[in-house]
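Count residues from 1 along the sequence. One-based numbering, in listed order, for ligands and for the atoms of each. Computation of the quantities below employed the complete heavy-atom set of this structure, encompassing side-chain atoms and omitting hydrogens, waters and symmetry-equivalent molecules.
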Amino acid sequence: MQQVEKTHFTVAIAGTGFSGLGAAIRLKQAGFNDLVLFERGNDVGGVWRDNAYPGAACDVESHLYSFSFAPNPSWSHAFSRQPEIYAYLRECAERFEVTPHIRLQHTVREAHWDEARQRWVIETDRGTFTADFFLPAVGALSDPMVPQIPGLKKFKGKAFHSAQWDHSYDLSGKKVAVIGTGASAVQFIPEIQPKVQKLTLFQRTPAWVLPRWDSRFSDRKKALYAKIPTLQKLARRSIYLRRELFVLGFRNPSYMKLVERFARRYLKSVVTDPALRAKLTPDFRIGCKRILITADYLPALTRPNVDVVTHGIREIREHSIVTADGVEHEVDTIIFGTGFHVLDLPFADHVRGRDGQTLNESWKGSPSAYLGTTISGFPNLFFLMGPGTGLGHTSVIVMLEAQLQILIGALQHMQREKLDVIEPKKQVQDNYFDWMQQEAQGTVWTAGGCSSWYLDPNGKLTSLWPHSTLAFRNKARFRADEYVLSQRAARPNQAPLAAE
Ligand code: NAP
């Protein structure tokens, strides 16, 4: 007999990066086993699967940039490289038995709340599914942004984004243009610089750079972490607390002058040419944009085959890039290190709430979610790594795990009280948004004198959490009186929310 494919689930998750997998693991541990994860790619891993550019690594120490419930004593370095983080996520999916729940190559095209049936309808390119709860876990850095520079389509050479690196393409001996000087570009530039004939770096804004002090973990240390897990926990805690101290500076920008002085001294020690140093010296307070942590980037820029161009790009021609000063730079290859659609998250155009509005339509340019997680008008939706959960100083997994606590708290409460539908009270969400904006006043992100994607087009700090993660963890508890909770009309064949 042919098996009928299951199409309704208690929980549907879109994405299998850190947040999708973390949610699935925590849900299973709490006994919620009726779940499905839709993944558009052909493997788990999210940004750590996609961002496989040379030199890709994490600028937060691995002891902290990993699940607190799944420490990995085998990290090879203090700061892990992409292949190791990707392998860690694959291993977590297997170890915590999430893999059987995953539907690979299922792109979520649209999801809407069906008010009549009080459930989510999720359209994928491989069929339609329904779920009581929907968890977008797509991350803010999932859709590469390639700027629409005039003439780009006419370019006859090779062009790709750092998140879509073409490893079959040999850069040896090529004249390569890199556009962008963000956290990705500073990692791949030192890797490709020795190979290419000429590297022209098109810099719009110089970034503050601090050296990364990486170290390899000895076999003895790894064995010790495996044998005495408390040691690794202590290491994690000490990294966590040290990084939390940065928030004092972010919230009191004048304190950052000290850090800035150190960064300036570091720049001077590496870049001895005053003209190049001037180009690389930012004119905003350190921390306003993401601080770049790398020991290889600035040295690479001092090499003779590198040219840093600071004039804006006017147009791209068949074999060159022309800058605003009229200079034509000949190139064979363009690599875009230009970041992602963060503020105009494409996924948010395809999720519709009770009124039929999309998330982007309801946000009107200023994304908002109560505790970064739940959204009025979008019942039974838990947005992982949602608006206002980004960080500039520490591991986002800390924020994710706090969000998962809200999720599990809510589901357990609903199960106990036999409730089916939840959304935050509008006033609670609005007050929270206003509180966040108040907290953002005077911080380095709003007063640091830079232009960054931390601020949305309305000038609100909506992608970043404006405080310590300790403060978020403290707030991130499920409190029933902050939500509108209800029962759905009983229907035949409708199982109540059940933990198995
Ligand atoms: P990004 O930080 O958004 O940087 C994009 C770069 O491209 C910036 O230098 C930007 O200049 C430039 N740019 C954008 N549009 C441009 C245009 N039209 N013309 C010229 N330049 C343009 O992107 P990213 O480097 O990919 O990093 C994105 C995020 O990924 C980071 O903030 C971080 O959260 C994450 N990441 C993390 C790690 C890690 O180690 N944990 C590593 C890599 C990435 P402006 O500064 O002038 O806007």
Side-chain angles (χ1 to χ4, degrees), residues 17-18 46-48 50-62 64-66 77-82 84-85 139-152 160-165 177-191 200-210 212 214 243 280 282-284 287-297 308-316 321 323-324 334-344 385 389-399 445 448-455 463-465:
F18 261 105
V47 291
W48 293 106
D50 295 342
N51 285 269
Y53 55 77
C58 187
D59 57 11
V60 177
E61 296 88 334
S62 301
L64 187 59
Y65 197 86
S66 46
H77 290 78
F79 295 88
S80 289
R81 280 47 174 173
Q82 172 268 342
E84 247 180 290
I85 304 174
L141 307 170
S142 47
D143 291 290
M145 197 278 287
V146 174
Q148 294 311 302
I149 300 170
L152 173 58
F160 54 88
H161 188 279
S162 58
Q164 295 160 333
W165 199 274
V178 172
I179 304 180
T181 54
S184 303
V186 302
Q187 292 185 337
F188 68 74
I189 285 171
E191 297 292 319
T200 310
L201 174 60
F202 293 87
Q203 171 189 274
R204 190 163 69 178
T205 315
W208 284 110
V209 177
L210 291 175
R212 184 179 73 175
D214 197 9
R243 285 183 168 267
L280 298 174
D283 63 357
F284 54 85
C288 184
K289 287 163 93 81
R290 191 180 173 94
I291 303 172
L292 305 179
I293 314 287
T294 159
D296 313 323
Y297 172 63
V308 178
V309 174
T310 55
H311 290 282
I313 297 172
R314 187 199 289 164
E315 64 165 314
I316 295 178
I321 295 181
T323 39
I334 303 176
I335 306 176
F336 291 95
T338 42
F340 299 85
H341 289 278
V342 179
L343 293 166
D344 54 343
M385 302 313 310
T389 58
L391 298 172
H393 70 288
T394 189
S395 168
V396 284
I397 293 150
V398 173
M399 299 294 275
W445 305 295
C450 74
S451 130
S452 83
W453 52 257
Y454 293 159
L455 298 176
S463 53
L464 212 66
W465 170 247

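- Checked against the 6.0 Å centroid criterion, the rings of Phe188 and Trp165 qualify as a close aromatic pair.
- Contact check on Arg290 versus Asp59 returns a salt bridge, with a Lys/Arg side-chain nitrogen under 4.0 Å from an Asp/Glu carboxylate oxygen.
- Of all heavy-atom pairs between Gly392 and Leu464, the closest is N-CD1, 4.1 Å.
- For Ser80, the side-chain hydrogen bond (donor to acceptor under 3.5 Å, both in side chains) partners are Ser62, not counting sequence neighbours.
- Legend: residues meeting side-chain hydrogen bond (donor to acceptor under 3.5 Å, both in side chains) with His341, ordered by chain and number and at least two apart, are Asp344.
- Using a heavy-atom distance under 4.0 Å as the criterion, the protein contacts of ligand 1 are Tyr53, Ala57, Cys58, Asp59, Leu141, Met145, Pro147, Ile179, Gly180, Thr181, Gly182, Ala183, Ser184, Gln187, Arg204, Thr205, Lys289, Arg290, Gly337, Thr338, Gly339, Phe340, Trp453.
- Taking Gln187 as the reference, Tyr53 meet the side-chain hydrogen bond (donor to acceptor under 3.5 Å, both in side chains) condition, with sequence neighbours excluded.
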